[in-house]
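Worksheet: one structure, shown below.
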Amino acid sequence: MTEQNDEQDDPLVVVDGLRTYYGSERLLGGEPVKAVDGVSFEIARGETFGIVGESGCGKTTLGRSILRLEDADSGTVEFDGTDLLSLGRRDLKAWRRNAQMVYQNPTSSINERMTVGRIVREPLDIHDWGMPHDRRNRVSELLDRVGLQPEHYHRYPHQFSGGQRQRIGIARALALEPDFIVLDEPVSALDVSVQAKILNLLLDLQDEYDLTYLLIAHDLSVVRHICDRVGVMYLGKLMEVGPTEQLFRSPSNPYTRALLSAIPQPDPDAGADRITLRGTPPSPRNPPTGCVFSTRCPFKIRREEHESLTTEQWDSIEEFRDVLREREKLRTTPLQRVKARLGREPPVTPIEEVVSELFELSTYPESVQETVDQTATLVVEGEFTAARELLEETFSTVCEHERPDQHQVADGQASRCHRHLSEYEEPREFLSE
Amino acid sequence: MTDESQAMSGVTDGPLLSVENLRTTFYTDQETIHAVDGVSFTVSPQQTLGVVGESGSGKSVTARSILGLVDDPGRVHPDSEIRYHDPAFVQTVARTYPDRVTWAGEKTARSASDAFVTIESGSGEGSSVTVERGSVNLVAAPDDVTRSLRGSEVAMVFQDAQTALNPVYTVGNQIKELLDIHQGLSGTEATEAAADLLESVGIPDPKRRLSEYPHQFSGGMQQRTVIALALACDPAVLLCDEPTTALDVTIQAQILELLERLQHERNLSILFITHDMGVIAQVADAVAVMYAGEVVEQASVDRLFDQPRHPYTQGLLQSIPGLASEGDRLPTIDGRVPTPNEPATYCRYAPRCPEAFEECKSTHPERVPVDSANEKSGWMRAHTAACLLYPEDESLEDRLQMHHNFGAPDESDAATTAREDD
Amino acid sequence: MSRLQYFLKRLALSVPVLFFGATLTFVIFRFGPIDPAAAIVGEAATEASRAEYQRIRVQLGLEQPVLEHYQQFMVDFFTLNLGQSWVLAPGTDVVDLLLIYGPRTAWLAFWAVLIPIFVGIPMGVYAGLRSNTMTDYSLSLFGIVWRAMPNFWLAIILLAVLSQSDALIGFDWNAFLVETSVTGTPDLSNITSPAGFAAATKQVLPAAIVLGSASMGSELRIARTAVLETINSNYVETAKANGVSERSLVWKHILRNSMIPLVPTITNEAFLLIGGSVIVEVVFGINGIGWLFFQAAINGDLPLVVALVFVFIVVVVIMNIVQDLLYVLIDPRVGYEGR
Amino acid sequence: MEYRPLRERVRERPRPFLLWLLGAFVLVGIELGRIASGLVEIGDATAAALETVSGGISDALAVGGATAVAVWLGIGVTLALVGLAIATWTRATLVLRVTESIPLRPQQSLDGLVFGLALGVGGWFALQVGAVDVLARLASSVRFPLGWLGELPTLTSRETIPNQGYQTPDGTWHGTFLGLSPALAWTLRVLVVHLYVAAWLIWLWTGYLWYRNYYRQADWTPRDDVIQRLRYHRWGQFGMVVVLLFLTMAAFAPSLGTTTAEQNIYAPFSHTIEYYDEELGEVTDILVGNANLNTRSQGYAAENVGPMSYDQYDRFHPFGTLTDGSDLFTFLVHGARVSLIIGLLSVGVSAILGTVFALVSAYYRGLADLVLVVTGDTIMGVPRLLLLILLTVILADTWLASLYDGGVLLALILAATGWPFLWRSFRGPTLQIAEEDWVDAARSYGQSPSGIMRLHMLPYLVGYLLIYSSLVLGGVILAVAGLSFLGLGITAPTPEWGRAVDLGREYVATNSWHISLIPGIMVTLVVMGFNAVGDALRDAVDPQSDAGVANASETESRGGGV
């Protein structure tokens with residue numbers, strides 16, 4: 001760890017403001033998917049940098065964009081001082097020797113119609129590595145190194161288990177002696193007992209060949225085990241970055257906290273202070289305008305007049321807003337409109353019922369109650385947009401209006417959250433309340 | 001009847017579902033795979049039994065066998081017993097099949113050889129029998145008994161929620177179908193009940209959701225819907241086959257919380273199958289660890305995680321990243337899970353076991369209490385392991401003898417069936 | 001994307017097909033090795049015929065510059081101004097010809113679509129539900145043989161058998177129910193009366209069976225595989241595990257889902273009928289569009305042929321639209337992301 | 001285990017290989033004459049075809065106007081495509097060496113153009129210099145020894161086992177093999193032919209087994225599984241037997257027929273046969289054509305020669321005679337050859353087009369895919385049989401129609417209208433393969449697009465290629481038969497099964513039922529056979545995706561609803 005601080009001055013990979021959108025070129029397209037939306041970080045030489053996040057958060061796209069397997073829309077990726085995004089075809093091909101990728105799915109990442117030997121050899125052939133004889137020796141050596149037998153050269157991937165296939169994938173990635181390897185969920189498709197072996201192998205190889213890893217994973221325990229530093233991603237944004245242990249011990253960002261608390265610990269006595277998030281992440285086509293996490297955040301900044309509300313009460317309000325958001329969306333599809341005109345509108349719970357279910361249990365301050373009632377009236381009149389806007393006017397805060405900046409919260413640890421601003425309570429303080 | 005099940009019937013609140021020596025075998029052209037090979041466990045009322053194991057250990061097949069959903073070329077061995085103990089259900093079945101009832105304990109068995117209903121205590125007979133305690137053996141029972149059990153008594157939640165829902169019907173339609181079958185509800189009543197169900201599994205704005213199709217739901221909502229489908233049957237036992245594997249951690253947390261709440265609200269017994277030790281630790285009261293078609297260790301969840309005894313369980317727990325020591329290297333288990341394609345006359349874990357010795361290759365370990373102190377405690381609290389190292393306070397010879405004796409009756413059983421088949 | 005949007009997108013995609021299809025016919029008409037005018041007049045030996053030849057060329061637009069002619073051609077076609085026949089029925093409007101010949105083919109096609117649906121699909125479903133039994137094997141084999149038999153051959157065999165049915169199988173087809181001959185054009189003039197309906201139906205029935213033979217085999221096979229696939233799907237298993245009865249499983253869960261792959265099969269088969277109708281109409285002597293097309297083609301009535309091809313393309317495009325519409329109605333997932 | 005090239009492995013253990021080679025020599029030796037004359041025939045046909053084609057093209061160019069433009073355009077496009085193919089498959093790059101400022105895709109098309117241009121200029125230059133003459137002289141020098149070899153007797157020829165002869169009143173046969181009856185002699189020859197084919201199959205299979213046992217370094221390959229699955233596929237085996245019989249029939253048509261095609265079909269009045277005239281009481285000559293006049297099958301009992309019978313000239317007719325008195329069986333075996341050649345040619349062309357387009361559209365997606373979708377949809381949007389009728393009628397008088405009696409034209413039309421069906425079937429699987437991680441992985445270590453298509457996508461497509469080709473082949477045979485039934489496509493007198501059906505259509509319910517019935521049954525069987533082979537391949541290559549493929553394949557195997 002101490003070494004690493006020295007090396008920080010000499011980063012191998014520098015990603016700055018990287019944006020990758022896709023789906024915008026479709027004919028009847030509409031909004032593009034903002035898979036990676038302005039991500040910046042650095043990876044030091046010899047370090048293992050982890051990216052964690054739930055599925056659909058854009059972590060794989062990020063890895064692929066760095067290797068230029070996906071065309072980034074803006075931003076820069078610097079590798080050892082060269083700007084990758086401006087490389088020409090030839091330079092790019094030459095550069096590819098430096099960086100490789102290990103894939104998640106060991107069955108689909110290697111071509112099953114080729115023998116293991118040919119699979120591992122192909123990168124060597126493409127880059128005209130040495131003489132054919134040397135290549136064969138190199139392949140045998142690699143197979144041996146990743147824990148396979150040289151006689152596996154003539155076998156087909158079919159004859160191997162998932163763990164062994166992943167070893168083949170690793171051997172192929174190592175073939176050209178790269179400096180940098182993107183590990184895209186390298187163990188998530190494997191059984192626990194096999195996982196451990198692959199992780200050990202990766203660690204050994206890192207020591208031996210002085211490799212730099214970018215590890216993409218959703219399994220936080222894996223990340224904690226092998227990463228030096230971690231970035232937590234949500235909806236295309238990097239929510240928090242920091243040294244692994246520090247981040248795991250004292251997460252600053254609300255999302256990181258929720259994510260960490262959601263991991264089931266293999267220990268029946270493990271703490272019960274779990275934060276369960278409501279709902280699911282919004283579509284990356286239409287991310288929330290403010291903080292991307294604002295629709296689910298349990299730490300959301302409230303207006304002063306609402307600070308006195310209990311968590312349950314606040315949740316009811318949030319849920320009410322969710323319901324309205326959904327209903328508004330529902331009305332906009334043409335087929336639905338046709339249906340509505342034909343009198344075949346799907347039966348929905350009358351808004352009064354929704355209101356009574358959500359707000360009956362406790363007494364709210366008058367102003368809140370009033371807004372809710374007003375909204376309900378608007379909904380009955382069919383003014384969904386007005387209703388949503390009214391709620392927004394009443395309850396939304398900076399979390400929903402502005403993108404949070406990155407705040408340095410500790411040494412080497414940065415987090416994107418409005419609560420780090422001095423005028424608000426820090427997330428951890430808020431929780432302890 | 002073995003000692004174990006006698007011990008079990010002594011417990012006042014007996015099991016709700018018990019599986020005894022379950023064998024499910026797949027007969028393909030090339031080989032015979034003993035996917036489930038002599039599995040025994042019990043599910044107690046309102047408790048959660050976790051079944052954990054790597055892929056290919058036979059967890060799913062076990063669940064399928066209980067519901068009679070094993071497809072060709074698989075078959076459940078006729079000597080296996082899957083017993084369901086709910087008195088009301090047993091009574092209904094006993095009344096429908098009065099000539100296939102056995103009274104336990106009575107020496108003069110008034111039972112036919114094909115009896116599948118066992119009554120331990122009750123009164124009356126024939127079609128007016130009342131049952132206080134008893135069980136139905138689902139393996140021997142005719143198909144319509146199994147069918148009447150499905151859903152209304154035991155319902156299942158599958159791993160892949162997306163494909164478990166019929167894509168061409170609305171969610172409401174699918175829930176209402178089950179409400180009609182199991183609770184006789186229809187029309188507006190059913191719609192109300194369906195909306196209530198969706199709400200109880202935490203889907204907001206349920207009325208609107210009823211008229212939507214499964215593909216319009218997110219993964220987490222689909223899994224909630226599958227749970228709602230199971231609940232629509234109003235079952236007593238829920239079989240959950242990896243219900244959270246395909247989900248993200250935050251959604252997984254939601255589902256686990258939901259299951260926990262539902263268990264309390266609806267007094268459910270749950271059989272929870274997963275490969276994730278972390279999940280098991282959160283949800284289960286007792287745990288059975290499966291390896292290559294066999295249960296190798298069973299204990300209460302605290303004991304299992306505190307003092308794992310079987311070398312496999314130990315290895316499994318150690319290899320979890322994050323739980324192990326902070327050192328760089330993770331302890332690992334060598335080799336891979338074998339396909340159980342031959343009868344077990346040896347320990348299937350022996351080739352990978354760091355503690356294996358010569359006898360492991362020739363003696364099949366049976367599930368025994370890990371120490372003699374443990375033997376006396378009740379079934380649910382017992383800690384058993386199928387390993388020649390246990391009971392650990394016996395000498396090696398005694399242990400070998402014990403495992404050998406345990407194994408012997410099975411073999412003779414097999415021999416008799418073979419003869420009968422002739 | 002909503003289902004409506006999906007449908008509109010499909011609709012939009014059929015425009016270029018129509019457009020390029022019409023262009024293709026124009027290219028054949030204008031640049032093909034056959035000079036339409038020469039084909040109509042014959043050898044231009046005399047002065048008079050040469051003048052006639054010139055007149056026809058002008059009338060057909062062949063003397064116009066290509067682009068102008070093309071524009072004229074496309075506008076005419078898309079406004080259904082399909083021109084006239086020159087050889088077969090000189091001076092008759094193609095639209096008039098279509099009105100005479102079209103209904104007969106439509107009537108034939110109607111039965112040729114209907115018979116396979118009501119025979120093939122139930123057989124396939126039955127075979128699928130009883131997979132790997134003798135019934136399944138014999139039904140499947142039946143479907144395969146039925147599908148492999150060439151239409152033209154089946155037609156002449158059936159024709160021969162029916163025309164001598166009295167002698168061969170001891171049953172007089174001609175006198176059966178209503179008096180008809182085996183070959184000939186159905187009389188659609190009094191189709192509303194029961195007797196007229198029966199006669200018209202019986203008249204095209206052998207032809208319809210032949211025309212629908214292959215469709216029946218295909219639909220049988222597809223229905224079988226679709227049922228098999230559905231039976232093994234997770235939702236059927238879930239329904240089973242939740243105690244849904246066998247009958248409801250089959251009628252509600254399996255059948256509806258099996259219909260989805262059948263929709264394109266049925267419309268694709270209907271699409272093939274257009275080609276097949278040529279042979280069947282020729283063999284059975286039904287004066288329908290297929291017969292008209294064949295006569296026009298071998299007699300070099302190029303203006304008529306080109307107009308008919310365009311009409312066929314329009315029919316195909318309409319059929320594709322119907323298929324998409326059916327899809328949208330039957331499969332709620334249509335138009336959703338990833339489908 | 002060290003990797004060694006196959007040559008070394010063979011050198012190490014030469015015996016099995018040499019034995020196997022010896023087997024090939026023996027088998028070739030037995031039929032050397034036939035193979036040599038076959039080569040000569042093919043060479044002559046090709047030369048003639050080339051002459052016609054170049055003549056046709058220069059004619060078309062001479063006509064001027066739109067036709068010339070079209071031909072020039074056609075030549076240009078063909079050259080560009082060939083150039084593109086060269087550029088892609090050889091991975092040769094020209095433009096890249098000059099500049100790097102052009103993006104990848106235009107670069108490749110530019111390379112294609114350059115290569116195409118070079119090819120065109122080279123070809124034209126060769127033409128000018130008279131390279132054609134040199135080639136022709138070379139060809140004729142090869143032709144001579146081959147022609148000489150062609151004279152050698154072969155085992156399966158009708159000269160070795162003659163079946164034509166006459167019976168004298170004492171019951172003995174003259175002129176036939178060992179004095180056997182013509183039926184027996186013919187049966188014997190048919191048997192010998194099939195045994196010879198069987199010997200080749202055994203040779204092939206042994207070769208595969210020996211390779212597996214002695215030379216192959218991998219102890220298992222995915223292909224082993226495919227073969228294993230085929231071994232238990234009864235329906236597929238039925239198909240393979242039928243297809244093999246059909247192929248044998250086409251390949252050995254001259255030996256299998258009871259008489260020669262020349263005598264039977266093309267020039268009956270230039271051949272004579274000997275027979276024993278009972279009225280005269282002596283052996284007499286008669287022109288085959290005249291004999292045929294008396295052996296016609298016209299439906300009446302008096303005028304009919306049914307299957308498995310002799311006519312009054314002691315000729316044996318396994319399937320009876322046609323309406324003009326010629327032998328139906330001989331007609332059918334030669335018809336099989338015509339069907340097969342048209343089928344292979346058209347399926348070959350459309351398979352190549354379909355594969356290339358599928359690979360390109362799956363790899364590049366976007367515009368390439370859209371253009372192909374619209375083109376394919378348009379072609380498929382015109383009912384195929386109508387298009388076939390229209391094109392055959394329209395092109396009937398052009399030089400193309402003179403190649404192989406209209407067969408080549410028909411094959412080309414079938415290919416031009418058929419590739420979208422194949423492409424459609426390939427598109428799905430190809431798109432799926434393009435999505436696989438290994439394709440992405442190959443990109444990640446710098447594999448070129450063509451390399452990815454060739455190494456990582458094509459191998460997966462080969463299975464589908466075989467499946468659909470065999471299904472489509474059945475369809476093409478149907479379509480050709482249907483067209484010739486309508487009197488289009490193959491011009492008379494070239495034998496075609498559909499025409500036989502047409503000839504006999506009036507006699508189905510009479511004594512001469514065989515004329516229509518037998519060819520119809522044969523078409524049905526052959527189509528079933530190809531479908532069965534397709535099904536078997538599908539099950540063997542891709543056991544999981546049963547339904548999806550079946551779904552798409554149903555309509556393709558039909559050949560446009562004929």
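Just so it is clear, the structure is predicted and the values come from calculations on it, not from any experiment. We use all heavy atoms of the structure for the numbers below, so side chains are in, but hydrogens, waters and symmetry mates are not.
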The interface call for D:Leu486 against chain C, heavy-atom contacts under 4.5 Å, is both

The interface call for C:Leu159 against chain D, heavy-atom contacts under 4.5 Å, is neither

Okay, C:Val283 and chain D: the region with an atom under 4.5 Å from a heavy atom over there is both

Ranking D:Val526, D:Val373, D:Thr378 by heavy-atom pairs under 4.5 Å to chain C gives rank one to D:Thr378

One should read off an interatomic distance between D:Thr524 OG1 and C:Leu154 CG, to the nearest 0.5 angstrom, of 8.5 Å

Under 4.5 Å to a heavy atom of chain C? For D:Ile521 that would be both

Applying a strict 4.5 Å limit to non-hydrogen atoms, the region of C:Val145 in contact with chain D is both

Heavy-atom closest pair (D:Gly520 atom, C:Pro150 atom, distance to 0.1 Å) is O-CD, 4.4 Å

Smallest heavy-atom separation, C:Val278 atom then D:Ile389 atom, equals CG1-CD1, 3.8 Å

Turns out that what part of C:Phe19 lies under 4.5 Å from chain D's heavy atoms comes down to neither

One should read off an interatomic distance between D:Asn531 CG and C:Arg221 CZ, to the nearest 0.5 angstrom, of 7.0 Å

Closest non-hydrogen contact found for C:Phe152 with D:Leu478 is CE2-O, 4.2 Å

What one should report as the nearest heavy-atom pair of D:Arg505 and C:Val282 is NH2-O, 4.3 Å

Cut-off 4.5 Å, heavy atoms of chain D, and the answer for C:Phe293 is side chain

Whatever's closer than 4.5 Å to a heavy atom in chain C on D:Ile379 counts as neither

Under 4.5 Å to a heavy atom of chain D? For C:Val317 that would be neither

Most heavy-atom pairs under 4.5 Å with chain C, out of D:Leu387, D:Thr375, D:Val374, D:Ile394, belong to D:Ile394

Between the OH atom in D:Tyr507 and the CD1 atom in C:Ile156, the distance rounded to the nearest 0.5 Å is 12.0 Å

Cut-off 4.5 Å, heavy atoms of chain C, and the answer for D:Trp235 is side chain

Taken to the nearest 0.5 Å, the spacing of C:Leu302 CG from D:Leu390 CG works out to 7.0 Å

Interface check, chain C: of D:Asp502, D:Leu525, D:Val382, D:Leu517, most non-hydrogen pairs under 4.5 Å belong to D:Leu517

Closest non-hydrogen contact found for C:Ala297 with D:Val393 is O-CG1, 3.2 Å

Query raised in the report: Does the pair D:Leu385 and C:Ile279 meet the rule for a side-chain contact (heavy atoms from CB on, under 4.5 Å), with working shown?
Result: CA-CA 10 Å; D:Leu385 189 70; C:Ile279 286 177; 4.3 Å; yes

Interface check, chain D: of C:Leu308, C:Val309, C:Asn320, C:Ile28, most non-hydrogen pairs under 4.5 Å belong to C:Ile28

